[in-house]
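Because only heavy atoms are used, hydrogens play no part in the values below, and waters and symmetry mates are left out as well, while side chains stay in. Numbers for residues simply follow the sequence, beginning at 1. Whatever order the structure lists them in is the order used to number ligands and atoms, beginning at 1. Values in this document were obtained by computation on a predicted structure and should not be read as measured data.
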Amino acid sequence: MNAELRVIGCRAGSPGDGSPASGYLLKTDAATLLIDCGPGVVQELGRMGWIDQIDGVIISHRHADHCADLVALAYHRLFPHKQPALPLFGPPDLAETLSALDGIFGIPSLPTMARPVSDSFPFTALEPGESFTACGITIQTMAAQHPVPTLAMRFPQLGLVYTADGARTDALTRFAQGASLLVADSTYVESNLKNLEAHGHMTATGAGYLAHNANVQRLVLTHFADMHSREQAMLEARTQTQAVVEAALPGMHWALTG
Ligand SMILES: [Zn+2]
Ligand SMILES: [Zn+2]
């Protein structure tokens, strides 16, 4: 299967410094999946010309920096021309977020826009640990260590692992074992490390250590609290691993060969 992973956004918390919050496009022969849809992702997808190429959406967890642009994407698909609904996959508690977004941002006086998110994205709930198939692409999940239910994802046909948000654990090391491409939470560098474990994230050093122990070939650091720390993040990760280390930036992309 020919495939490519493309970074749409890689900033933690909010868009800024030239990057949307979390968003990745996985393009294969079978389909194009949007993985996470944080604020700024819809604008960047439009700028890159991919906005109308999406066949399905996977949301790792309900934190705003991973799902808030679902409202913008829903309205894009409803107005001015209605496009077909897209399958949406995510952890079970995302269902509550979707209906809350409809409650706040739906337009009850317009039947086509009363429930924009639910109507645009028929939802399949996944317990972390479940495997599933989205648009012909097989995806395994595990529960990331994060304050809300969060799906770390492995695409076994493609050699790709995405940690989503989460602390480094032995289970994550096993889950990422042998990946060709590991896209890893690297929210902090050591110098701005604050209360890391409580918030369930990794440092660049921790991501490097994970890559080393999981024997991955290529490590892509992402989810930066500070986009200006990307160079420092790569330096820190490289102290831990012989893997090729890169720091995500919108537009970067990699061929996936499994
Ligand atoms: Zn996040
Ligand atoms: Zn989060």
Side-chain angles (χ1 to χ4, degrees), residues 5-26 33-45 57-73 88-98 100-101 125-129 141-154 161-169 171-172 175-176 182-189 192-204 206-207 210 219-230 233 237 247-250 252:
L5 183 75
R6 183 172 288 264
V7 179
I8 308 299
C10 52
R11 193 169 188 272
S14 69
D17 296 324
S19 178
S22 291
Y24 307 88
L25 209 58
L26 177 62
L33 295 179
L34 176 64
I35 303 169
D36 282 338
C37 191
V41 164
V42 167
Q43 183 177 15
E44 187 71 4
L45 283 170
V57 182
I58 309 174
I59 299 293
S60 63
H61 66 299
R62 65 177 165 81
H63 282 161
D65 58 332
H66 297 256
C67 72
D69 249 14
L70 282 176
V71 176
L73 188 58
L88 170 66
F89 303 84
D93 66 340
L94 188 66
E96 227 174 283
T97 302
L98 303 177
L101 291 172
L126 301 166
E127 291 292 344
T141 71
M142 69 158 276
Q145 187 175 306
H146 202 54
V148 298
T150 300
L151 304 171
M153 300 168 209
R154 183 176 183 112
V161 173
Y162 170 47
T163 67
D165 288 7
R168 187 172 49 77
T169 63
L172 183 59
F175 187 72
L182 171 65
V183 179
D185 178 341
S186 175
T187 305
Y188 302 108
V189 291
N192 66 11
L193 175 60
K194 289 175 200 152
N195 198 11
L196 182 71
E197 291 303 321
H199 291 286
H201 290 292
M202 276 184 278
T203 59
L210 169 67
L219 169 64
V220 175
L221 305 169
T222 194
H223 199 264
F224 301 110
D226 176 2
M227 292 295 291
H228 302 293
S229 71
R230 290 172 62 256
L249 207 57
M252 282 176 78

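Residue-level check: among N/O/S atoms of Asp65, OD2 sits closest to the Zn ion (ligand 1). Considering just the N/O/S atoms of His66, the one nearest the Zn ion (ligand 1) carries the name NE2.
Summarising the geometry, atom CZ belonging to Arg230 is positioned 9.0 Å from atom OG belonging to Ser19; distances are rounded to the nearest 0.5 Å.
A donor-acceptor pair shorter than 3.5 Å cannot be found between the side chains of Asp165 and His63. Using modelled atom types and a 3.5 Å distance limit, the side chains of Asp93 and His61 yield no donor-acceptor pair. For the residue pair Thr222/Tyr162, the side-chain donor-acceptor check at 3.5 Å is not satisfied.
To the nearest 10 degrees, the Zn ion (ligand 2) sees NE2 of His61 and NE2 of His146 at an angle of 100°. Vertex the Zn ion (ligand 2); arms to Asp165 OD2 and His63 ND1; angle rounded to 10 degrees, 170°.
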